[in-house]
Amino acid sequence: MASQRGESLGTVETRRKGLDKSHYLYIAVIAAVILGAVVGLLFPEVGKSMKPLGDGFIKLIKMMIAPIIFCTIVLGIGSIAKAATVGKVGGLALGYFVAMSTFALGIGLVVGNLIHPGEGLNLTPYDPNKKAEVDSTVAFLLGIIPGDIPVLPTLFAAILVGFALQKMGPQGAPVLKAIGHGQVLVFRILIMIMWLAPVGAFGAIAAVVGATGFQAIVSMFTLMAAFYITCALFIVIVLGGLLKVVTGVNIFKLMKYLGREYLLIFSTSSSEAALPRLIAKLEHLGISKPVVGVTVPTGYSFNLDGTAIYLTMASLFVANAMGTPLDLGAQISLLIFMIIASKGAAGVTGAGLATLAAGLQAHAPQLLGGVGMIVGIDRFMSEARALTNFTGNAVATVLIGTWVKEIDNKQVGEVLSGQAPFDEQTMIAGHGEPQAKASEAQPALANA
């Protein structure tokens with residue numbers, strides 16, 4: 001994502017050090033969720049009175065939906081054009097990623113309909129036209145936060161602008177660059193907002209637990225457990241099965257080879273942190289540089305398997321929790337929206353939450369009040385999202401390398417068997433440039 005946000009390679013190390021700050025946010029969110037649950041259980045009325053804290057945070061997220069969707073869709077259309085011009089590899093990668101992401105969204109819907117997460121909570125639906133009975137000072141503070149912009153018109157306008165800029169060719173490049181700078185600003189604001197997540201999580205969890213009791217805690221744990229199990233099964237059965245059938249490679253051997261990268265992702269909750277190492281390791285595995293250089297960055301934008309599963313399961317959780325489950329037609333239309341809008345779930349903390357809110361706002365605005373529950377558990381599911389996204393991109397690169405016959409199968413066997421171990425020193429010394437080239441080929445890297 002370095003190139004996308006206008007960062008030079010010299011700032012990569014600084015940015016990585018900055019990732020450590022996310023640990024404090026993670027700890028703060030966990031503490032806030034626990035404290036909110038305790039307050040809600042022991043002091044229900046006090047917990048209910050904390051609801052404005054969660055509502056204020058959701059309003060801040062809603063405020064960012066339109067600019068995130070607009071910037072990422074416009075830049076995403078430009079990214080599709082760049083990938084397509086690379087030729088067979090780019091076209092094959094795009095086709096595979098769209099199909100696999102759609103399949104992951106479908107899996108999320110199937111699992112969500114099987115387990116019915118959030119059922120029985122019966123939270124009060126959100127009514128944007130109803131004035132909440134809150135203290136005048138609280139109402140004044142909440143009124144400062146700007147109102148949201150309709151999502152579907154924004155999405156439509158972004159698609160038109162994206163294709164128009166694509167048709168403009170070189171003349172549209174300055175505009176795309178300006179929108180890229182705007183995206184940097186939007187993401188920076190979103191990151192600032194996410195530092196208020198502990199406050200929002202505390203208020204939302206305290207209010208929900210205060211209103212529903214222990215059932216809310218059970219429902220949240222059910223969703224998290226189901227999501228982790230679904231991601232694990234998706235990796236082992238779907239990705240592993242496809243990898244074995246097409247290439248003969250064992251998914252567990254590939255995951256063992258990428259073990260250090262999994263630890264890095266788990267510690268940062270971001271698959272982006274392992275991007276340069278993934279490029280280097282896949283090249284060492286025996287896949288040609290052009291295939292890796294096109295497939296990996298494209299996948300970071302368009303192959304968000306874990307995020308896709310999360311978005312659909314979380315949407316069904318919120319709908320059930322609000323006592324207004326979505327019918328099949330609404331679920332399918334939401335799935336189609338998520339396929340497009342999930343491109344906005346770029347590698348920034350909170351973007352996935354904003355995309356979830358965007359989908360609900362576009363299809364069922366009354367469900368927005370339930371997003372507050374997701375705020376509290378979103379961070380607990382971020383590792384599974386990132387690990388699934390990362391594994392999906394690694395598997396995709398091996399598959400595409402096999403399909404275009406740009407892979408050294410002998411090298412693959414030697415590397416995965418440990419006969420040709422990866423040289424960490426070579427990675428440190430020589431893979432800044434490949435990362436930069438890959439980023440230039442695909443400016444919209446993503447996570448979850």
Query raised in the report: Side chains of Leu282 and Val296: closer than 4.5 Å at any heavy-atom pair?
Result: yes
Query raised in the report: If you round to the nearest 0.5 Å, how far is CD of Glu261 from CG of Leu278?
Result: 7.0 Å
Requested in this report: To the nearest 0.5 Å, tell me how far Phe163 CZ sits from Met168 CE.
Outcome: 15.5 Å
**Report entry** Lys244 NZ to Leu254 CG distance, which is reported to the nearest 0.5 Å
**Finding:** 12.0 Å
Query raised in the report: Should we say atom CD of Gln171 is surrounded by more than 12 heavy atoms from elsewhere, each under 6.0 Å from it?
Result: no
Query raised in the report: Would you say the side chain of Asn250 lies within less than 4.5 Å of the side chain of Leu416, judging by non-hydrogen atoms?
Result: no
Query raised in the report: Under the side chain to side chain contact (heavy atoms under 4.5 Å, CB included) criterion, do Ile407 and Leu285 qualify, and how do the steps go?
Result: CA-CA 8 Å; Ile407 185 171; Leu285 188 63; 5.8 Å; no
Query - Partner of Val74 under side-chain contact (heavy atoms from CB on, under 4.5 Å), chosen from Ile159, Val175, Leu165 - result: Leu165
Report task. Start with the C-alpha gap between Leu109 and Leu105, add the side-chain angles, then the distance that decides, and say whether side chain to side chain contact (heavy atoms under 4.5 Å, CB included) holds. Result -> CA-CA 6 Å; Leu109 286 181; Leu105 285 166; 5.9 Å; no
Requested in this report: Please check if the side chain of His284 supplies one atom and the backbone of Ala420 the other of a donor-acceptor pair under 3.5 Å.
Outcome: yes
Report task. State, with a plain yes or no, whether a side-chain heavy atom of Ile107 is found less than 4.5 Å away from one of Val238. Result -> yes
Query raised in the report: Can you name the nearest heavy-atom pair linking Ala104 to Ala308, along with the distance?
Result: CB-CB, 3.9 Å
Report summary line: Minimal heavy-atom distance between Val236 and Phe252, with the atoms involved, is CG1-CZ, 3.9 Å
Query raised in the report: Between atom CG of Asn393 and atom OG1 of Thr388, what is the distance when rounded to the nearest 0.5 Å?
Result: 11.0 Å
Report task. Kindly give the heavy-atom pair with the smallest separation between Tyr310 and Met381, and that separation in Å. Result -> CE1-CE, 3.4 Å
Report task. Apply side chain to side chain contact (heavy atoms under 4.5 Å, CB included) to the pair Val111 and Phe234, showing each step before the final yes or no. Result -> CA-CA 11 Å; Val111 174; Phe234 180 82; over 6 Å; no
**Report entry** Donor-acceptor pair, side chain of Thr295 and main chain of Val292, under 3.5 angstrom
**Finding:** no
Query - Sidechain-backbone polar pair: Glu406 side chain, Ile287 backbone, donor-acceptor under 3.5 Å - result: no
Query raised in the report: Closest heavy-atom contact between Pro198 and Ala28?
Result: CG-CB, 3.6 Å
Report task. Could you grab the distance from atom CH2 of Trp403 to atom CG of Leu399, nearest 0.5 Å is fine? Result -> 4.5 Å
Query raised in the report: Mind checking what makes side chain to side chain contact (heavy atoms under 4.5 Å, CB included) contact with Thr222, not counting sequence neighbours?
Result: Val218
Query - Thr312 side chain to Ile309 backbone, donor-acceptor under 3.5 Å - result: yes
Query raised in the report: Can you name the closest pair of heavy atoms from Leu223 and Phe317 and give their distance?
Result: CD2-CG, 3.6 Å
Requested in this report: Give a yes or no answer on whether the side chain of Lys281 reaches the backbone of Tyr257 with a donor-acceptor pair at less than 3.5 Å.
Outcome: yes
Query raised in the report: Step by step, would you call Gln331 with Asn113 a side chain to side chain contact (heavy atoms under 4.5 Å, CB included)?
Result: CA-CA 10 Å; Gln331 290 180 25; Asn113 281 288; 2.8 Å; yes
Report task. For the pair Asp305 (side chain) and Asn389 (backbone), establish whether a donor and an acceptor sit closer than 3.5 Å, ignoring hydrogens and angles. Result -> no
Query - Distance-minimising heavy-atom pair for Leu258 and Ala394 - result: CD1-CB, 3.7 Å
Query raised in the report: Can you tell me how far CE of Met100 sits from CG of Leu242, rounded to the nearest 0.5 angstrom?
Result: 5.0 Å
